[in-house]
Amino acid sequence: MPGTKRTASGVLGGLAGIIGLSAVAGILISATVTPAIALSGNAASSAITLFDNLPSVLEIDELMLPTTIYAKDSEGNDKVLTQFYDQNRSPVEYDEVAPAMYDAVLSSEDPRYYQHGGVDLIGTSRALLSNIQGGGETQGGSTISQQYVKNILVQRCEADANDQARTELNAAAEAAAEESGEDVVAPTGDELIAKSEEIKINCWSEATTAAGSDGIERKLQEMRYAIALEQKYSKNEILLGYLNIANFGGTTYGIDAAAKYYFGVSAADLDYAQAATLAGMVQNPNTYRIDMKGGTITNSEGVALNSEEDGYALTKQRQQYVLDRMLEDGKITQEQHDEAYEAPIVPNITTPKTGCTAATGAEYFCQYVRYVIEADPAFGETDEERTELLRRGGLNVYTTLDWELQNAAQQSVSTWTPTSLDNTKFGAVATNVEPSTGRILSIAQNTKFSESITDDPSYSSIVYAGDTEFGGSAGFSVGSTFKIFTLIDWLEQGRSVNEVLNGQVREIDSLTNSCGGDWVNFGGDTILNFNKQSGYVGTPMSFTRDSLNSGFFAMAEQLDLCDIKNDATKMGVTLGNGNEVKVDTQFSIIGSNAVSPIAMASAYGTVANNGIYCEPRAIDKVTDSNGNDVALPERTCEQVLDPAVAATAAYALEGVMAYGGTGASGNPFDGTAMLGKTGTHENLQTWLVSSSTAVATAVWVGNADGKADVFNAWYDGYQLSQARYLITKDVASVANRLYPGSAFPAPDSNLTRTVYTTLPSVVGMSIDEATSTLKAAGFTVRVGGEVDSSEAEGLVAEQSPGAGRVAGGSVVTISPSNGQGATVPNVSGSVSNAESALRAAGFGRISSSCSEDENASGESVTGTSPAAGEAVTKNTSITINYVSPDCDGDGGGGNDDDDDDDDNG
């Protein structure tokens, strides 16, 4: 409150209050402590000194105010999503309170308010005398200013309750440990809450029911503060401050919140009957509250009193007292008095929105925002500070939620998935992220929201779209959606998506990992493709389109697992617990890591956003109760991928969402360019992550905590493994309408070139040398059985495929020579010359075959069978083929089958 000038009469009244009441109080205190000297000047002087020495400056703390969470509706207006509070309060200005309310509270609580200087001497003296005479409770006599002081002190006490509770419980735990000799046992959360509530109750009790000398001392301090307040603030400021801080039962604080809660009207619209009811409440709020139909107290016989059944009789009596005082003071007419006096109290309880349960349709988005405020250091150094800021700080939190998209996502998730499956925790999520900003536009979830129901799998307070820090989820195994990072690394190494690779199912021997040591397939595992496909020789384009495991293994064989992990990290992907993902086996390439849907949506959004990664955020703006901006958690956008790499990755991922791709069923085909990737993990988790240039969508359907086979489970006539497509199609169609996307940039020409690999010849090399040569060229080597060859025994005699341009990464089978082979030489001229050449080559079984040709000039060898150049064993029969003008003559060789006979005649 701003300071104001006091009138002369006000200042004099305050001074008179100090002097007069100090003397009276001194005498009364002396009478309590030392009756024999009650009337002595010394006692009075001592009491006055005591009063003067009491603290006089009372700082007015900021009110505990609710934090309000907003989301924009379809017309761009801020709509209240919910509130969080310890005290439901909506402070108002002086002219925002009905005059009837001021009249009611002054007539009943402090009719001489504008005449005294903060203390009503007559009423206070009467109260002090009553206390001295042994009254069990502190009696009345407090002015509005004194009651304002009391409420300020109570609020301060309640604000410190959590810290005090922790201090007391820790001290008790340390004392118990010292006595028992055991370790200190830290208090549980439930113990802290219970102790804090106990302290809060004591705050009010100690401020209002202290008896005897304690009550007098409290009253003196209250008076001292009240007089000081009146010297600093105007009467209207103090009166308004009191009405804004006062408790009206339960967690309802302040006149405006009370008017809205009990009667469904603002403080400015209260009528006389309503004002008198609320003015009567402040004396004993929890007794006179009218929101408990079963009654607020019970009598000695156990009968409930002040209930709907008895017409809230106690509150009605108190209201009638207030109306009588208002009539006596001339604040209302007899007719107004009688009408309100006779009318029954009819509450119109309007429960305020509080907590995420009240954020109907966006409960899990609300919970995510709550986690951000309670966990992010931007909102406080400790958990306690952040929680108190949320519940007491009066923040206005403007979120990124798009109501229209949220409603569409929630409706789709609710339509296509059950809240639980076979009495296990089944989950489904659809979340949208804006790639260019990181703004989270929706979080839809299949379960019913509750923080108290824990024994029903249909209920959960965990935000499955988030991670452990923001949502309480550990994430879910992402399956083949993780292949995007192998694709990115492939492109970053300058490799083309049209490079031909051997993507057939085969055993992977080892994978390079410069981070933590290479992975070696000691178990001899061979991972199959979905539906046990055998794989094929293809390209990263086709492997991505078909989500071919064996194809991505072929790519990974030529990459470094460490680089793949680093790509995931720089694109914002971590494990659900916040640690870096692990890419250290062939299993991790195809998605064994558990990641949050929001993180995966952001990663795919990075590709759609030309390689710029924007950290996901759920809050656009925060202001304090005075409208001043509050610093937001740091969220950045950074270029993490080369635009050429991003454009080419998008080009490959578009194939997934096109007709024939594994994600086509989730594409609304509304003319918006879409990229994406499907994923499954052991029939337990299914995914489809997609993105336009404007909105990324992650849909996960699977086991939150269970082993249900989603490929053999059905809901509403649909296989649950198909739900990811149905939800994506629904949500993407709305997202594309609200946030129109554009075409993706053209892919890089170098990264889309057709590439074959040159396979070198290793014939004649040793097996070790040949293996080393082939692996260095990027091929996988298999050693076959021995073959007949003229090569020395043990040297490579054959390779398949042969040298030339082949698919990169192909398996090359090399076969060693057994040393028993020979190559048929190329022979010509006469038969005898040919025979000599063959015998010189090691062949002993030789025959000849003549073909007559009258035009031949003589005997002429035309070739052999087997033909020249063929590798055969030396025991192979070789036939010399020749032509002659007369095969039957002396010059012919005839058809001699005896290769041991030198006579050709």
Side-chain angles (χ1 to χ4, degrees), residues 69 71-74 79 81-82 356-372 399-421 425-434 439-450 458-467 470-473 475-476 596-602 604-605 616 618 666 668 676 685-691 695-704 710 715-716 718 720 722-739:
I69 312 295
K72 289 193 181 298
D73 62 19
S74 59
K79 172 184 175 182
L81 188 62
T82 192
C356 289
T357 303
T360 307
E363 296 92 335
Y364 292 97
F365 185 95
C366 168
Q367 186 79 331
Y368 185 91
V369 172
R370 174 184 174 181
Y371 266 95
V372 171
T399 71
T400 59
L401 179 70
D402 182 306
W403 260 115
E404 188 169 354
L405 189 53
Q406 173 68 30
N407 288 338
Q410 188 58 57
Q411 181 178 352
S412 183
V413 169
S414 299
T415 297
W416 300 117
T417 60
T419 55
S420 62
L421 184 64
K425 290 184 177 180
F426 178 80
V429 160
T431 186
N432 296 104
V433 176
E434 191 172 51
R439 300 173 73 248
I440 302 171
L441 303 175
S442 76
I443 297 176
Q445 188 164 314
N446 67 313
T447 52
K448 304 172 187 177
F449 183 83
S450 176
S458 292
Y459 290 82
S460 179
S461 63
I462 296 173
V463 184
Y464 294 152
D467 54 21
F470 299 145
S473 172
F476 307 97
S596 76
I598 287 176
M600 292 306 294
S602 298
Y604 277 75
Q685 317 292 357
T686 62
W687 291 74
L688 176 50
V689 187
S690 61
S691 186
V695 177
T697 304
V699 173
W700 160 78
V701 178
N703 289 268
V710 295
Y715 179 70
D716 200 24
Y718 287 89
L720 278 176
Q722 301 302 303
R724 53 181 164 165
Y725 302 112
L726 299 168
I727 295 171
T728 299
K729 190 172 184 178
D730 287 346
V731 176
S733 64
V734 176
N736 292 344
R737 174 172 56 82
L738 296 175
Y739 300 85

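We count residues from 1, following the sequence as given. Because the structure is predicted, anything quoted here is derived from the model rather than measured.
- Closest heavy-atom contact between Ala430 and Val731: CB-CG2, 4.3 Å.
- Separation of atoms CZ (Arg439) and OG1 (Thr399) is listed at 8.5 Å; rounding is to 0.5 Å.
- Nearest heavy atoms, Thr82 versus Ala358: OG1-CB, 3.8 Å.
- A distance of 10.0 Å separates CG in Asp73 from CG in Asp402, rounded to the nearest 0.5 Å.
- For the pair Gln406 and Leu441, the minimum side-chain heavy-atom distance is 4.5 Å or more.
- The OG atom of Ser450 lies 11.0 Å from the CD atom of Glu363; values are rounded to the nearest 0.5 Å.
- A donor-acceptor pair under 3.5 Å is absent between the side-chain atoms of Asp716 and the main chain of Thr415, judged by distance alone.
- Using a 4.5 Å heavy-atom threshold, the side chains of Trp700 and Ile727 count as separate.
- Closest non-hydrogen pair, Glu404 versus Ser74, comes out as OE1-CB, 3.9 Å.
- Closest approach of Leu421 to Leu720, counting heavy atoms only: CD2-CD1, 3.8 Å.
- Residues Val433 and Tyr604 fail the side-chain proximity criterion, which asks for heavy atoms closer than 4.5 Å.
- Note: Lys729 NZ to Thr697 OG1 = 14.5 Å, rounded to the nearest 0.5 Å.
- Judged purely by atom type and a 3.5 angstrom limit, Thr686 uses its side chain to pair as donor or acceptor with the backbone of Val701.
- Note that CD of Gln445 and OH of Tyr368 are 13.5 Å apart. Values are rounded to the nearest 0.5 Å.
- Using modelled atom types, one finds a donor on one side chain and an acceptor on the other under 3.5 Å when comparing Ser414 with Gln410.
- Using modelled atom types and a 3.5 Å distance limit, the side chains of Tyr739 and Asn432 yield no donor-acceptor pair.
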Quiz item: Could you walk me through whether Trp403 and Leu81 pass the side-chain contact (heavy atoms from CB on, under 4.5 Å) check?
Solution: CA-CA 10 Å; Trp403 260 115; Leu81 188 62; 3.3 Å; yes

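- Other residues, nucleotides and ligands place no more than 12 heavy atoms under 6.0 Å from the CD atom of Gln411.
- The main-chain N or O of Ile462 is never found under 3.5 Å from a side-chain atom of Gln367 such that the two would form a donor-acceptor pair.
- When all heavy atoms of Pro597 and Tyr464 are compared, the pair lying nearest together is CD-O, 3.2 Å.
- The distance from atom CG of Asn446 to atom CH2 of Trp416, rounded to the nearest 0.5 Å, is 15.0 Å.
- Of all non-hydrogen atoms in Gly666 and Leu688, the two that sit nearest each other are CA-CD2, 4.0 Å.
- The backbone N or O of Ile598 lies less than 3.5 Å from a partner atom in the side chain of Ser602, making a donor-acceptor pair.
- When only modelled atom types and interatomic distance are considered, Ser460 and Tyr364 share no side-chain donor-acceptor pair under 3.5 Å.
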